[in-house]
Every structure is written in structure tokens, then in C-alpha cells.
Colleague: 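Once you've had a glance at the structure underneath, I'll fire off some questions.
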There are 4 protein chains.
Amino acid sequence: MIELGQNRYGKSAIRVVKIARRAGGHRVRDLTVAVALEGAFDAAHVEGDNAAVIATDTMKNTVYAFAAERLDGAIEAFGRALAEHFIAAPQVDRATVTIREHRWSRIPLEDRPAPDAFMRDPSFTRLAVVTAGGGVTTEAGIEDLVVMKTAKSAFAGFPRDPYTTLPETSDRIMATQLSARWRYGTADLEYDTVFDAVRRTLLDAFSSHESASVQHSAWIIGRAIVEAHPDVEEVGLSLPNLHHWLVDLSPFGLANDGEIFVATREPHGLIEATVRRGDAVPR
Amino acid sequence: MIELGQNRYGKSAIRVVKIARRAGGHRVRDLTVAVALEGAFDAAHVEGDNAAVIATDTMKNTVYAFAAERLDGAIEAFGRALAEHFIAAPQVDRATVTIREHRWSRIPLEDRPAPDAFMRDPSFTRLAVVTAGGGVTTEAGIEDLVVMKTAKSAFAGFPRDPYTTLPETSDRIMATQLSARWRYGTADLEYDTVFDAVRRTLLDAFSSHESASVQHSAWIIGRAIVEAHPDVEEVGLSLPNLHHWLVDLSPFGLANDGEIFVATREPHGLIEATVRRGDAVPR
Amino acid sequence: MIELGQNRYGKSAIRVVKIARRAGGHRVRDLTVAVALEGAFDAAHVEGDNAAVIATDTMKNTVYAFAAERLDGAIEAFGRALAEHFIAAPQVDRATVTIREHRWSRIPLEDRPAPDAFMRDPSFTRLAVVTAGGGVTTEAGIEDLVVMKTAKSAFAGFPRDPYTTLPETSDRIMATQLSARWRYGTADLEYDTVFDAVRRTLLDAFSSHESASVQHSAWIIGRAIVEAHPDVEEVGLSLPNLHHWLVDLSPFGLANDGEIFVATREPHGLIEATVRRGDAVPR
Amino acid sequence: MIELGQNRYGKSAIRVVKIARRAGGHRVRDLTVAVALEGAFDAAHVEGDNAAVIATDTMKNTVYAFAAERLDGAIEAFGRALAEHFIAAPQVDRATVTIREHRWSRIPLEDRPAPDAFMRDPSFTRLAVVTAGGGVTTEAGIEDLVVMKTAKSAFAGFPRDPYTTLPETSDRIMATQLSARWRYGTADLEYDTVFDAVRRTLLDAFSSHESASVQHSAWIIGRAIVEAHPDVEEVGLSLPNLHHWLVDLSPFGLANDGEIFVATREPHGLIEATVRRGDAVPR
């Protein structure tokens, strides 16, 4: 017998921009939204019966309409409004709304920010993931934050087997394109405020710690976030290790005392870790 | 109390090319390999103790050396050799080796293929994922296969709510960048032969079926694969719906009877489904 | 005094798909079109007067409408129809239409190709660039053709200065993502036939020659094309040298006799050369 | 007769990072460098004689070594040092060095910036292009600056032909990924200072002007730069028009008074213009 297993469907890459035309200066909200539904969609698959299949085009329209009416605060709240709308359909068991916010800031002029001219600030993307169905789960995150430590990063004491050639180092460059995603244990937070505070903690921990490895860094950053923010139950970190290799300048009669590096993308280490409150109910 | 949760680490994007210099003509094997380990790495995170941390650089070296000595058949077998190597370290509970093979074919000359000149054949990427730890799991897959149906694709009978504007259609274009990944229930297969057969089934099913929706297509394709290949326990399909919208040519006095479309990438539908034997042990 | 210099404008990335629903089997034409105009647009720039500015949205519409009525043969002919349309506006001195064709082939079933199911064949992109204004110039090209020689490629005899560390080699891998673009001296060719023949010459020359350097290869390939195709006046080649470095396996007690390579993308050589008939009028 | 036409070669995508370990705090310089040479390379092409061919690997090494010894100021000066090095070889007629600088800033901590922890600031890339051979030409530029005007942008008064459907608008969003590249008429400038001033002028002009079209904006921005900076002879601007389309919310009973837009990437307008001093010698 052959049967349908896990399945879900939805619309991805819904690009919506909202311009709030306020007197003191406009505000740009620039989102990429994805909606995914799980539920009683067996007949759609097995029988080709679409009676339960909310069209993904309808999801897109819903995002546009909700952007007009409901997008006036944090993306976590907007995501919740969308998730609760979709979970209300009886055939839907679980609705996941993923929102990435692309940041724009008003261009600074000599005396004040421009009221209606903006620059993209791509230094990171803010993420919210809201899941409805048997309660609501709210996660927030930060993606594509590229950071580097030029000191306080070592990697030594690792095992040596016949395939090991890497020398130990007490001082290397550590560079990563950091992604973090954390789950809130509390509902109805001041999400913008908390997000800024978590980001602040993350950057402080990244900057100040002595790293024995990327794994060690992941723990220290994750622990700092959970420790400092009681609303955060758990944080997952993904840290590619974007290697910077010291260039051998000796053929040219030059020393290279930790100064000249070649930046590489392939291959890269990939370190992923979750840090959580010990009393958190595992998901 | 704060604790370490799920974690894993490894090396990604290891690019290795092997040239088999055979008398009748060379063969190019072009792989991108990723290794990920889980296990007793708490001390690395929490204490900065690297005694158990096999360096990701060592993983890279191991892939190179194993490519020299062990890469003479299917990527599934190569992946298994690597996974079993890494699981042999006592601190490792689970080793996952992911291999993508980029295909090259000998350039056809007038009378025969060139012995030592090749073209990339990027029409799809072949995937193998081997996991060792409490037994070995072998998955195979196909990625980035871009296919299109210009007939036999409908989408009608879906619910209409206040946000629904999509008209029903009995004839649309269905285009997708298909990814499929299946798990073998049998060990030591002729992996290359089975892969080709599964790909063949997939393309046949895609080509011949009448689609009521992308969900319906996912089921039909998945069922065909499980039905035809007793070694396949389960197959997961990911089908982005790359919409092709009929262009309104009426302002220019022209009809458009299913002829001129604009191809779009954003937003796109995303349909994911798993099809499995009913008697398969759930993973 | 400040003045307007060179300027041009247009619409890029116009994605249009045409389905020819023929009895024996459909045909998919999948194009990305760009239109660029030069001419009397000073007032638009300097005075903000749009009286002469054909909207880029109008260009897009024109491409859609022409696809319905005029796209039934080679992209060179379609490009010419568009270029001649735009040059007819009195303010336009020069119209450049660039078309990239993405290839789809009917999926092969057991006994015949599917009539209405297609696979993308991304092994290369076909290019046409038609320029109207003081006559019509037609160029054709091939892009993103990834090819590799596993023999008959050397690089030796190059000068050594204090910054030179590269050893000479009589046998290396040469891999490149080849782009070629050639200009026709003749009008109204059977463009599809000529394109196929040029591509054939290119692949033959690439496969068979002994390469002393990528520069040498560029010349040999270019010369072969101009020699074999009297309609081609000139061909430009762009050959990034995608280095494959021999891996040092000696730390693992293994030889590496031209077998195991690491494929890299950064940095890469970049070799560009034009080959032309000596009696061609320089452009 | 068949002959070699225009040709050049070099190394691209040379990634080099320099860490200046200064007492008060480190500084990260992160560059992507390309070198291209033109000259007496006919024998390399036609005869496969590499006696004149400076290996691109040597170019890479030279960049690394010069980064150690000569990279202590602006990228324009570093580019000049490299270009003058390569032009000194007798077979080289022209050496072009293109440098992109990726910006990193020290992570702000509570009371001061971190001394040794950095964030990528990807809001733009700084460009320098130095050409040596018959004198030295120095160009600077800014790339990938994504900006948006939410007011003061119109597009009306354009011609209407049978393919025109775009309505006129007195108020639209104008968004672009701006690239600008300007040529200095003066040597030995304080390049960092001038760059910052030009960028400032560019952003001011972008923010404050009333735009009748993207062409109009290009002129206004270019003119402002040439006007304000006597060292700038000429500036070229490339402005893709990343359309933001007003969403029709009327099917959902909602008004959309310039508030909700869908951001698109394909197709896009592309406007390119050069603005120069009238007394500049044309290049």
C-alpha cells in the first residue's frame, strides 16, 4: 500500500512594500512573506479534489490586503494576524507565516533625515516565523549578519588523525554570516524593543568573548541571549566559518604576521547549535 | 538553568574533481560534499575544550584522500565510506554525508565522443545523503530539474473567499524546478542503475499525467516512483510553482489563446509532499 | 559648462514564453529580451521633458505583442523586427535588442518525445544582439557553456619575476565558462542552421586542439569559427580560467598523478580575445 | 586572412583582506581586485608562445605582496601602485586595475566601538579603476547603493503609441540599485575625502530633487556631482528602475492610496547616462 506522508503547501516570495506617509517623514516597510499550510489536504493529492485547497494566489492577495489593514507594528504581530486568519479555515491544522523584513533608513541630510528618500540597510535581515495550530508559536531571528573577529579567536587542542594537517592557532580571524532564530515563551511582547535588545546582546557577546572554537562561540552567544532575555526560551544559531587563510608571503621575502589573508567561501565550516532554558519543554 | 540543545557541525561546499584517465576516454567526477557530525561535543561548546572536535579541515582532507582511494562507483557508496569513517570515532553518534554530483559528458565529435573534452550537463544535480549512526540510511535525489507541462494541467474547484481573484482554469502551464529525495530500504544496490530508473519514472509520470493541481502532480509522481521501485521506501518532492501568466494582449487588438506568457519567479507557489509505503516504518 | 554625454535607456529582463501548439507536439520558446535606445533624449534628461521618451513599459508591451505576431523563427529575425520597429521613431538614432533564448527540449519517453512536457536544457544560452540605426548589425552568441579539457592543455615558458611561484606544467585541467559572440557579415541567413554549425565548430575546436595557454585556445577556437563560416566576420571570446588545483595528497601517503583536483571559482583568470577577417572593416 | 583583434587578459576576483593591528583598534581592509593587461601578446595567441605572458597567478601574488607593503591608504593609490608595476613590463601597453572595497565597521559597544570585532556594511561597494599606459587614469565609483524615493517622482507626458498602456503618474515610487563611476581630472587627491564628498552630494541630490523621469534624475545627480567637485571630469550613472507597482486592492473593498506596492525585479528599466564638463577632452 502506498500512502501520502507529510505534506504542506503555500506561497513563497510574496514581496510587499508599504509606505506609511506620515507628516514628519515617510516610513518604508519592505517584506518578503511566505505562507505554508498543513491539514486535511489528502483529497487534493490523492483524488485531485481542490475543494479544500485555498489557492496560493489567494494567500498572496490576503497578504496584500492584510498589509493595508494590519501592518502597523512589528512583523511578529503581522505574522500572527496572518497565521490566525489561515488557521481559521477548518481544513487547516497548522499555518506557518515566515516574514523577512528588509530594512530601509531615511537618507541623512545635513541637518535632518530626508522625509521621503531612503537607503537599503542590508547589514542584516530581520525574521519572524509565526505558527498557529494548537496554540501560537512566535519565533524571531536575524539573518545574513556578516561579522568578523580579528582577535580573541583560537583553535587548538583538537585531535590529530592521519588526515589532519591544520596547525593549531592561538590567533586567527573568525568570520561568519550569522543566522540566529529564537523562540519567545511570552506572548504579546514589544517585539521591536525585544528584537533590538537581543541583537544588541548578540553583537556584544560576539565582540567581547574569547573564542576557543566556533562551537564555543555559538554557545557563548546563545547563552548570553537566553540569560539576558527572559522572554527567549531557546535560540538556534547557524555559523558558517568563512575561512580567512594567512597568505604565505615568504617567497616574496616578506613576513606575514597576521596581516594579509585570502578570504574564501568554499569550502566552509558550518556550525549549528541550540541553546535553551533547561526547564523549557522540548518542542 | 541554561543548556545546550541540538547541535552539529561539519564542513560544507567541499569541491572535489576526480579525473579517471582510462584508455578509451577520461571520466570526470565532479562533487560537492558536505560532512556533518553529531555526538559528544558538549565540552567543545560549554568549556571550549576541543579534544573531541575533529577539525572541519580534517574532514576536507579526508574527502580528498577518500576520493583518491574510494571514489570509483556511485556517490551513495562513496558517501557510505565517508560516513562509516567518521562514525568510527567514539565521540560521533551520527555522521551525515551529503554529496551533490555535477554531471559532465564527453563532447560529441563527428564520429565519437571526445576522449578528453567535456561539457557540463546542468539539466539536474544528482544527490546522495548517507547517514551513519544506529545503522546506515541511504537517500538519493535529484535537484534543480526544471520541467514544464504545456498541456494536461488544470486548477479548478478551489474555494473562493473574499481574497480570491484567481479564475479557474482547465488549461494552464505548469513549470517547476523539481527536487525529489528518496530513501532506499535496501542496502548495496546498483545505485547508478536505480537512480536512472527512478529518474526515468519521474519524467514519465511528469509527462503523461493529467494534473488537477501541483499537489495532485506531487502525489502522482511520488506514487509512481514508490510503485515502480521496490527499493524505494519513501520519496519527498518539493515543487515550486513557477507561474507563467497569460499576457493580456487585447489592448493591442490581439487574441492570446494560451500562447504568450510572462514567466515569473516571485512570488511562487511551493508544494511539498512525501509519498511512502504504508508499511514503512516511519522515520 | 556641464553637458550630457553618452546615454541610453530601455527595458531589461523582459521574460516572455511562447507556446506553439502544433499538432505533432508543442514547442516552447523562452526568451529574456532587453531593448535599449539612443537618440534625441537630451530634453528628457536636462529639462525633464518626456515628449520623446518611449516608456520602457511600452517596450515591454511591444515585445509581448511582437512575440505573438512575429516570433516564428530564429531570435535574430525576431530581434531585427523589434529593432526596426523602434528605430522607426524619429527620435531614435540607434536601437539595440538583446535576446537570450533559454532552451527547452521535449522529454524523451520510451518510444517518442512527449508532445507537451519539457525539460530545460541549460547547457548553454543562445544570444542574439541586433542593432538598428545606420544599417542593421546582427550578432549571435553562446553563453554559459561550461567545458573542460582533461588533456592537451599546458602552460609553460612564461616569464618568472620575483612574484612568480606557479610551476610550469605540460598537463593541466582547463575549465571555462565560455562566452562567444560573433558578428554576421551577411543578412538574412538561416540563423538556426548557422548557429548550430558555429557551435559545432566551437566544440570541435575546443575538443581537438593542443592548448599552450587559454590565450592560445581563444585564438584557435576563434580562428576555426571565422575560417569555417564565411558569414562570420568577427568573433569575440571570453574565457574565464576556472582553476582546478591538484591536491597535495602526500601528507596522507598518497600519490596524486593528475587525478584529484579542487575546483575553485575565486580568483579566476579572465582571457578575452577577438578574431576577425583581415579584410573586415573595423567597427 | 584571419587576424587577432582586441584582446586582454588578467586575473579577476582576487580576494585579499588586510588587518591593520593598530593599538587603538584594528582596521579591516577587504578588497576584490582584478588586473587586466593589454599589449604585445600576439605570439601567445597565434603561436602559443608564452614568453611575454605574465602568469595570472603571478598577478595574484603581486596583489598579495603589494597589499602587505603598499596598502595603507585609499584604494585609488593602491590601484595606481599595481597599475604602474604592471605597465613597467615592456610588453604591456595598458594595465587596468579594478578594486572593489567591501566595507567593515567596528561593532559599536555601549561606550566605544569594539577594537577587534566588525560588521560588514554592505550598503554600498566602493570602486576604483586605475588605468596605466599613456598616462594614468583614475576613476572612482559607488556600486550597489539601493535607494528609494517615496515622493517627488513623476512620469508623465510620454508619447502614446498602440503599445502604450502605462498611465501617467505624478506620484510614484522610484527605486534603484545605483551605480556611479566618475573620472578624476586631478592626480594625487585625498581620495577618501573626495569619495565621501561625492557620495554625500549624490545622496543629497537623490533625496532632494523633483524627478520627472529616471533620465531626469540621472542628469540632476550627475550634474550635481560635476558641479560640486572640480576634480571630477565626468560621471557615468547606471540606474535600473526597480518597479514598485501599486496593488489593486479594490476586489477586497480596500482603497490603495499610494500605500501598498509589489516590489519587482523583472522586467526592469535601465537608464544609463554620462554627465561631463563641456571642456573635458573626450576619452
Side-chain angles (χ1 to χ4, degrees), chain C residues 1-15 36 41 44-46 48-58 60-62 65 155-159 161 163-166 212-213 215-216 218-219 223 226-227 234 241 266-279, chain D residues 1-15 36 41 44-46 48-58 60-62 65 155-159 161 163-166 212-213 215-216 218-219 223 226-227 234 241 266-279:
Chain C
M1 208 196 93
I2 294 171
E3 64 186 24
L4 182 67
Q6 271 207 321
N7 63 86
R8 64 177 200 164
Y9 83 102
K11 195 71 139 196
S12 292
I14 305 170
R15 297 280 296 111
F41 299 111
H45 289 86
V46 176
D49 173 353
N50 294 324
V53 181
I54 298 164
T56 66
D57 192 77
T58 299
K60 178 196 71 178
N61 287 343
T62 308
F155 188 54
F158 50 85
D161 73 18
Y163 300 110
T164 306
T165 56
L166 187 73
S213 68
Q215 287 87 335
H216 191 219
W219 164 258
R223 188 187 53 185
V226 176
E227 223 163 44
E234 171 176 304
N241 191 354
E266 291 179 345
H268 60 84
L270 183 54
I271 283 75
E272 297 168 296
T274 302
V275 180
R276 62 188 183 204
R277 283 181 207 292
D279 53 355
Chain D
M1 208 196 92
I2 295 171
E3 64 185 26
L4 183 67
Q6 271 205 324
N7 62 86
R8 64 177 199 166
Y9 84 101
K11 194 73 138 195
S12 290
I14 305 169
R15 296 280 295 111
F41 299 111
H45 289 84
V46 175
D49 174 353
N50 294 324
V53 181
I54 299 163
T56 66
D57 192 76
T58 300
K60 178 197 71 179
N61 287 343
T62 308
F155 188 53
F158 49 88
D161 72 20
Y163 300 108
T164 306
T165 57
L166 188 74
S213 67
Q215 287 88 333
H216 191 218
W219 163 258
R223 188 186 55 185
V226 177
E227 222 163 46
E234 172 175 303
N241 191 353
E266 290 180 344
H268 60 84
L270 182 55
I271 283 76
E272 297 168 296
T274 302
V275 179
R276 63 188 183 204
R277 282 181 208 291
D279 54 356

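Quick caveat: nothing in here was measured; it's all calculated off a predicted structure. So you know, we letter chains A, B, ... as the sequences are listed, proteins then strands, and number each from 1.
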Colleague: Rounded at 0.5 Å granularity, tell me how far CZ in D:R8 sits from CD in C:E272.
Modeller: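 These two atoms lie 5.0 Å from each other.
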Colleague: Find the distance between CD (C:E234) and CD (D:E3) and round it off to the nearest 0.5 Å.
Modeller: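 With rounding to 0.5 Å, CD (C:E234) is 9.5 Å from CD (D:E3).
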Colleague: Could you report the tightest heavy-atom contact between C:T62 and D:Y163, atom names first, then the distance?
Modeller: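 Shortest heavy-atom separation between C:T62 and D:Y163 comes out as OG1-CB, 3.4 Å.
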Colleague: Which answer fits D:D161, side chain, backbone, both or neither, if we ask what part of it has an atom under 4.5 Å from a heavy atom of chain C?
Modeller: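 For D:D161, the contact with chain C is made by the side chain alone.
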Colleague: Pick whichever of C:S12, C:G5, C:G48 has the most heavy-atom pairs under 4.5 Å with chain D.
Modeller: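 Looking at each of C:S12, C:G5, C:G48 in turn, C:S12 comes out on top.
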Colleague: Suppose we screen for salt bridge (charged side-chain N to carboxylate O under 4.0 Å, His left out). Which residues come up paired with C:R223, at least two apart in sequence or across chains?
Modeller: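 With sequence neighbours excluded, C:R223 shows a salt bridge (charged side-chain N to carboxylate O under 4.0 Å, His left out) to no residue whatsoever.
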Colleague: For a quick test of reading the model, state the closest non-hydrogen atom pair linking D:H268 to C:A13 and the distance between them.
Modeller: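 In terms of heavy atoms, the two residues are closest at CD2-CB, 4.0 Å.
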Colleague: Around D:E227, counting heavy atoms of other residues, nucleotides and ligands shown, do more than 12 lie under 6.0 Å from its CD?
Modeller: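 More than 12 within 6.0 Å, yes.
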Colleague: Under a 4.5 Å cutoff for heavy-atom pairs, which residue among C:N7, C:T58, C:I54 has the most contacts with chain D?
Modeller: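 Heavy-atom pair counts peak at C:T58.
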Colleague: State which residues pass side-chain hydrogen bond (donor to acceptor under 3.5 Å, both in side chains) with D:K60; sequence neighbours excluded, sorted by chain then number.
Modeller: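 For D:K60, the residues satisfying side-chain hydrogen bond (donor to acceptor under 3.5 Å, both in side chains) (neighbours in sequence not counted) are D:D57.
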Colleague: Do C:V53 and D:F155 touch side chain to side chain, with heavy atoms closer than 4.5 Å?
Modeller: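 When only atoms from C-beta onward are counted, D:F155 and C:V53 do touch, with a gap below 4.5 Å.
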Colleague: For the atom pair CG (D:N50) and CD (C:Q215), what is the distance rounded to the nearest 0.5 Å?
Modeller: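 Between D:N50 CG and C:Q215 CD, I get 7.0 Å after rounding to 0.5 Å.
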Colleague: Check whether C:A52 gets within reach of chain D through its side chain, its backbone, both or neither, counting any heavy atom under 4.5 Å.
Modeller: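 Contact with chain D is through the backbone of C:A52 alone.
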Colleague: Please classify the contact between D:A156 and chain C as side chain, backbone, both or neither, with a heavy-atom cut-off of under 4.5 Å.
Modeller: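 For D:A156, the backbone is the part near chain C, not the side chain.
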Colleague: If I compare all heavy atoms of C:A273 with all of D:H45, which pair ends up nearest, and what's the gap?
Modeller: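 So the minimum-distance heavy-atom pair works out to CB-NE2, 3.8 Å.
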Colleague: Using modelled atom types only, decide if a donor and an acceptor are shared between the side chain of D:N61 and the backbone of C:T164 within a distance under 3.5 Å.
Modeller: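 Checking the backbone N and O of C:T164 against the side chain of D:N61, no donor-acceptor pair under 3.5 Å is found.
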Colleague: Determine the minimum heavy-atom distance between C:Y9 and D:I271, stating which atoms define it.
Modeller: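 Nearest pair, atom of C:Y9 first, then D:I271: CB-CG1, 3.8 Å.
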Colleague: Checking heavy atoms, do the side chain of D:T56, its backbone, both or neither come under 4.5 Å from chain C?
Modeller: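 Just the side chain, heavy atoms under 4.5 Å.
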Colleague: At a heavy-atom separation under 4.5 Å, does C:R15 approach chain D through its side chain, its backbone, both, or neither?
Modeller: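 Looking at C:R15, just its side chain touches chain D.
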Colleague: Just how far is it from atom CD1 of D:I2 to atom CZ of C:R276, taken to the nearest 0.5 Å?
Modeller: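 D:I2 CD1 to C:R276 CZ: 12.5 Å, rounded to 0.5 Å.
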Colleague: Might you point out which heavy atoms bring D:A51 and C:P159 nearest each other, and give the distance in Å?
Modeller: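 That would be O-CD, 3.4 Å.
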Colleague: Below 4.5 Å, heavy-atom pairs only: which of C:A44, C:A65, C:A218 has the largest tally toward chain D?
Modeller: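 Sorted descending by pairs with chain D, the first entry is C:A44.
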